[in-house]
Amino acid sequence: MMTKEFLQYAGFSAPVISSLSCLVMLYLYRRRHIQPEEKPLYRLLMAYFGAVGILWVCSMVYVYYPVLYTRINLIYYIGLFWGQVVFYQFIYTLTRRPGERGFSPVHYLVPLVIVGVFAVWSAFVPFDVQLRIVTSRGEIVPGYEAYSRMFTSRLFFRGVWNILYTVLAWWRLLGYRKSVSDYSANTDRSSLTWVTLLLAISLSLVPPSLLSVMFSKQVLISSLLLLIPQIMLVVQHAIVCYNMAVGNFIVIFYPEETEEEIDTEEQQPDENQDELEQKRRKFERYIHKTRPYLNPELKITDLAVSMRTNRCTLSRFINRQFGMNFSQYINQLRLQELKTLRNDPACARLSDEELACMSGFCNFRGYIRVKKMFEQEKKEQEAASRKAAQSHSENKE
């Protein structure tokens, strides 16, 4: 039968083992399978897993080797802040749009200043006092009340820091989804649903940190409830590793495009209706002849290169001529292709999964996602039409 002490030790060890295992796996995978533009993502993830591993090693030292922890507590402090910053930089890089500025080093400097102030403060506090705070699990030492509260409030700071950077990551994810719809037609990979799950797990780690305000560290450490965030962290590591290994993401990347080319295209004068109609017919002939939408990984840059145009011009053309973005246009063609295949006697024995893949969808799940999206849009348009008709009728009366 497993004892409480064993479960506590396993709980502290699990994040260390999972983070270091993920670090090794990503390192081996990175050397063989990734594209040049994806390398920063893997470097950041490896740095994140390294930081998490060090952080939880320090947590184990805090519980089992208080003297050593007292000497290295600044490492824990900086890892506590920087781990979350590195994870946010990973999300920032993953969702970065073309032309957007790079990640600001201020995110790293602020924790460094906080820890620096604490380090200077600690230099004037006797080592015995610091050790007493650690061994007592948060006792307020007379004469050092402010320092004691600062020393024991790190879990609270971690919770607040976690909330701040999770909110920032949510904001970036929303902006990315708006931009990627005009870049890639692979809704399954571009949705980044797994990142949403990561952020939800990240928020679930906040309550245990905030509980440190109401309960002593002695109570929290001895409680098996601490196993919940530890298990959730291991689950988070598994989700990240799996989705990065299978490439379940899309980095918006325009390798052959400069800002000068974009500016030149945007400054071109508007064309008359006859020219636009002629271009539309030519574009539709090209699409129906080459059927690029059958490529599940089709991106707007691929289509722009094959048509010898600029992705900005192509995106603007599709938006204006068809009233939808690139992803919607391509996936609409895939739905039409699927309908054609279903009516083809030669495909009568094929399953819906096979027909979806033949139509250009990455998998059946991607087809279901697109189908629901178009059905929802149709319902919203019908509701708006009924509302407009009702309003028009009331105005007549």
| OH/Tyr293 to CD/Gln332 distance, rounded to the nearest 0.5 angstrom? | 11.5 Å
| Shortest non-hydrogen separation from Trp194 to Val240 and the atoms involved | CZ3-CA, 4.3 Å
Side-chain donor-acceptor distances from residues 79-88 under 3.5 Å, at least two apart:
{"residue": "Trp82", "atom": "NE1", "partner": "Tyr108", "partner atom": "O", "Å": "3.1"}

| task | Please confirm whether Phe364 and Tyr367 have ring centers closer than 6.0 angstrom. | result | yes
| With distance as the sole test, does Thr70 use its side chain to make a donor-acceptor pair with the main-chain N or O of Pro66 at under 3.5 Å? | yes
| query | Using a distance-only test with no angle check, is there a side-chain donor-acceptor pair under 3.5 angstrom linking Ser315 and Asn325? | reply | no
| message | Testing the 3.5 Å rule here: is there a donor-acceptor pair between the side chains of Tyr92 and His107? | response | no
| request: For Phe49, enumerate each residue passing the ring-ring contact (aromatic ring centres under 6.0 Å, His included) test, keeping only those at least two apart in sequence or located in another chain. | output: His237
| request: Measure across Arg334 and Ser359 and return the closest heavy-atom pair with its distance rounded to 0.1 Å. | output: CG-O, 3.2 Å
| Side-chain heavy atoms under 4.5 angstrom apart, residues restricted to Ile, Leu, Val, Met, Phe, Trp, Tyr: same cluster for Phe90 and Val24? | yes
| Can you find a side-chain donor-acceptor pair between Arg177 and Thr196 that sits under 3.5 Å? | yes
Name every donor-acceptor pair, under 3.5 Å, that has one atom in a side chain of residues 118-129 and the other anywhere in the protein, sequence neighbours excluded.
{"residue": "Ser122", "atom": "OG", "partner": "Phe118", "partner atom": "O", "Å": "2.8"}
{"residue": "Ser122", "atom": "OG", "partner": "Tyr147", "partner atom": "OH", "Å": "2.8"}

| query | Going by an N to O cut-off under 4.0 Å, is there a salt bridge joining Arg280 and Glu284? | reply | yes
